[in-house]
Amino acid sequence: MVVVVYSRESEMLGTRLAEELKIKRMTIESKTFPDGESYLRFTEQVTGQDLIVVQSCYPLQDKRLIELFFTLDTAKELGAKTIIAVIPYLPYSRQDKRFRVGEVLSNATVGKLLGSASADFLVTVDVHHKESLNSYAMRTINVTAMPLIADYLKKLKLSHPFILAPDKGAAANAQLVASILGADCDCFEKRRDRVTGRIETSERCLDLVGRDVVILDDMISTGKTIVNVSRIAAESGAGRIIAACTHALLVGDAEVKMKEGGVTDIVGTDTVDSFASRVSVAPAIVESLRQFL
Ligand code: R5P
């Protein structure tokens with residue numbers, strides 16, 4: 001039997017996946033000890049079961065990851081058969097290269113630890129670079145939320161929409177969404193100072209008068225990347241400026257900064273829970289999980 005397993009932090013997505021797949025669900029009891037350590041307990045037998053373990057990993061990426069490692073390792077030790085880890089937002093996916101000598105390869109280490117904690121499969125959504133999953137010890141499935149985001153954008157009745165990718169890494173997603181919307185699309189160039197974190201975006205001449213603009217990225221963290229593009233779009237005469245992404249981390253005052261930079265609306269998905277979670281990735285994850293049923 002296949003069972004969806006989740007703790008309190010992942011209840012919304014876990015419940016939804018179980019309902020849509022019409023399979024049994026099981027909760028994991030969890031609490032935090034006074035010193036900050038995590039306590040977890042399976043509330044039913046897992047011996048002989050195939051498990052889909054759902055773990056939201058933001059905020060508190062480190063805590064959520066270690067809880068996931070405990071859960072996977074214990075499930076195997078208690079006799080679970082196949083274990084599929086569903087991590088909608090995969091933390092550390094941006095540190096997939098050694099940009100400066102001596103840097104840790106956090107993304108690769110997360111992959112190794114998932115493997116040694118006994119995950120047989122990993123399902124994630126719009127990972128930063130899908131090639132970064134090649135080093136993972138288990139089979140990985142990266143599903144994309146872009147068609148779902150495009151469907152949501154259609155409902156906004158945008159005027160002559162123009163999709164902007166803030167950097168080359170976002171270009172393929174921007175082209176995909178633009179093709180679904182029948183919109184135009186362009187890609188900016190971004191440089192990040194690896195020491196200070198400062199982001200520079202090359203200025204571009206675009207005629208956006210009378211057009212609504214969607215700035216599309218895989219994730220929005222501090223919002224600086226979006227603000228740089230939004231300022232250029234506003235100066236180029238854009239109407240509405242929508243910042244859209246899969247993972248809306250929205251750190252600190254990101255929302256305020258983006259609004260001050262001309263952004264009129266922020267659209268994200270439920271891979272990370274926030275006011276911007278307008279799109280559910282559940283249908284895309286469900287589709288990928290059907291192959292295991
Ligand atoms: C990096 O290239 C990512 O695709 C995003 O552009 C980046 O993480 C966004 O970060 P921030 O919102 O802090 O500019």
Side-chain angles (χ1 to χ4, degrees), residues 57-59 61-62 87-100 103-108 110 124-133 142-146 149-150 163-178 185-204 213-234 241-269 271-279 281:
C57 280
Y58 190 87
Q61 304 84 309
D62 298 345
I87 314 177
Y89 166 64
L90 186 63
Y92 294 105
S93 62
R94 281 171 292 180
Q95 189 64 33
D96 58 357
K97 260 191 239 152
R98 185 163 285 131
F99 300 98
R100 301 175 64 211
E103 281 182 348
V104 298
L105 292 174
S106 334
N107 168 74
V110 168
T124 190
V125 184
D126 286 325
V127 67
H128 187 54
H129 290 124
K130 52 181 188 298
E131 299 73 25
S132 70
L133 298 176
N142 175 48
V143 303
T144 180
M146 291 300 150
I149 292 175
I163 315 296
L164 283 176
D167 55 35
K168 284 193 189 125
N173 282 338
Q175 278 154 11
L176 174 61
V177 169
C185 169
D186 205 341
C187 171
F188 278 55
E189 272 192 41
K190 176 173 94 174
R191 277 176 310 281
R192 186 188 290 272
D193 184 312
R194 294 284 163 196
V195 179
T196 64
R198 191 182 150 79
I199 294 166
E200 276 177 37
T201 304
S202 311
E203 291 286 334
R204 291 282 299 282
V213 166
V214 177
I215 308 169
L216 189 78
D217 211 345
D218 59 339
M219 69 180 84
I220 301 174
S221 178
T222 64
K224 288 182 199 163
T225 299
I226 296 287
V227 169
N228 282 2
V229 179
S230 172
R231 291 224 164 97
I232 299 170
I241 301 177
I242 291 143
C245 68
T246 303
H247 314 292
L249 309 185
L250 303 176
V251 176
D253 61 351
E255 183 195 0
V256 175
K257 276 193 308 218
M258 285 192 283
K259 294 268 163 84
E260 285 172 359
V263 170
T264 50
D265 213 351
I266 304 165
V267 175
T269 78
T271 60
V272 170
D273 191 24
S274 81
F275 70 88
S277 304
R278 312 272 183 81
V279 177
V281 296

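Here, residue 1 is the first one in the sequence, and each next residue gets the next number. Counting starts at 1 for both ligands and their atoms, following the listed order.
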Element-labelled atoms of ligand 1 that are located less than 4.0 Å from some non-hydrogen atom of [X]:
{"X": "Asp167", "answer": "2 (O), 6 (O)"}
{"X": "Ile220", "answer": "12 (O)"}
{"X": "Asp218", "answer": "3 (C), 4 (O), 5 (C)"}
{"X": "Ile199", "answer": "14 (O)"}
{"X": "Thr225", "answer": "6 (O), 9 (C), 10 (O), 11 (P), 14 (O)"}

Is ligand 1 under 4.0 Å from a heavy atom in the side chain of Asp217, in the backbone, in both, or in neither?
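Just the side chain.
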Can you tell me which portion of Val251 lies within the under-4.0 Å heavy-atom range of ligand 1? Options are side chain, backbone, both, or neither.
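Near ligand 1, Val251 shows nothing, with every heavy atom at 4.0 Å or more.
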Kindly indicate whether the side chain of Asn107, heavy atoms from C-beta on, has any atom under 4.5 Å from the side chain of His129.
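No; the side chains remain at least 4.5 Å from each other.
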Among all protein heavy atoms, pick out the one at the shortest distance from [atom]; state its residue, atom name and that distance to 0.1 Å.
{"atom": "atom 7 (C) of ligand 1", "value": "Arg192 NH2, 3.8 Å"}
{"atom": "atom 13 (O) of ligand 1", "value": "Thr222 OG1, 2.5 Å"}
{"atom": "atom 8 (O) of ligand 1", "value": "Arg94 NH1, 2.9 Å"}
{"atom": "atom 1 (C) of ligand 1", "value": "His128 CE1, 3.4 Å"}

Once the angle between the rings of Tyr89 and His247 is folded into 0 to 90°, is it parallel (under 30°), tilted (30 to 60°) or perpendicular (over 60°)?
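Tyr89 and His247: tilted rings.
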Criterion side chain to side chain contact (heavy atoms under 4.5 Å, CB included) against Val281, the qualifying member of Asp126, Thr269, Ile149:
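Running side chain to side chain contact (heavy atoms under 4.5 Å, CB included) over Asp126, Thr269, Ile149 with Val281 returns exactly one hit, Thr269.
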Name the residue from Arg192, Met258, Met219 that meets the side chain to side chain contact (heavy atoms under 4.5 Å, CB included) definition with Thr225.
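With Thr225 as partner, side chain to side chain contact (heavy atoms under 4.5 Å, CB included) holds for just one option, Arg192.
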Decide whether an N or O pair under 3.5 Å exists between Gly223 and ligand 1.
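Yes; at least one N/O pair falls below 3.5 Å.
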In terms of side-chain geometry, is the basic nitrogen of Arg198 or Asp193 positioned less than 4.0 Å from the acidic oxygen of its partner?
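A salt bridge is absent here (no side-chain N lies under 4.0 Å from a carboxylate O).
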Is the shortest distance from a Lys or Arg side-chain nitrogen in Asp265 or Arg278 to a carboxylate oxygen in the other one below 4.0 Å?
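A salt bridge is present here (some side-chain N lies under 4.0 Å from a carboxylate O).
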Any sub-3.5 Å donor-acceptor pair from Ser230's side-chain atoms to Ile241's backbone N or O?
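No; judged by distance alone, with no hydrogens or angles, the pair does not exist.
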Kindly determine whether Arg98 and Glu103 satisfy salt bridge (charged side-chain N to carboxylate O under 4.0 Å, His left out), including the steps that lead there.
CA-CA 5 Å; Arg98 185 163 285 131; Glu103 281 182 348; over 6 Å; no
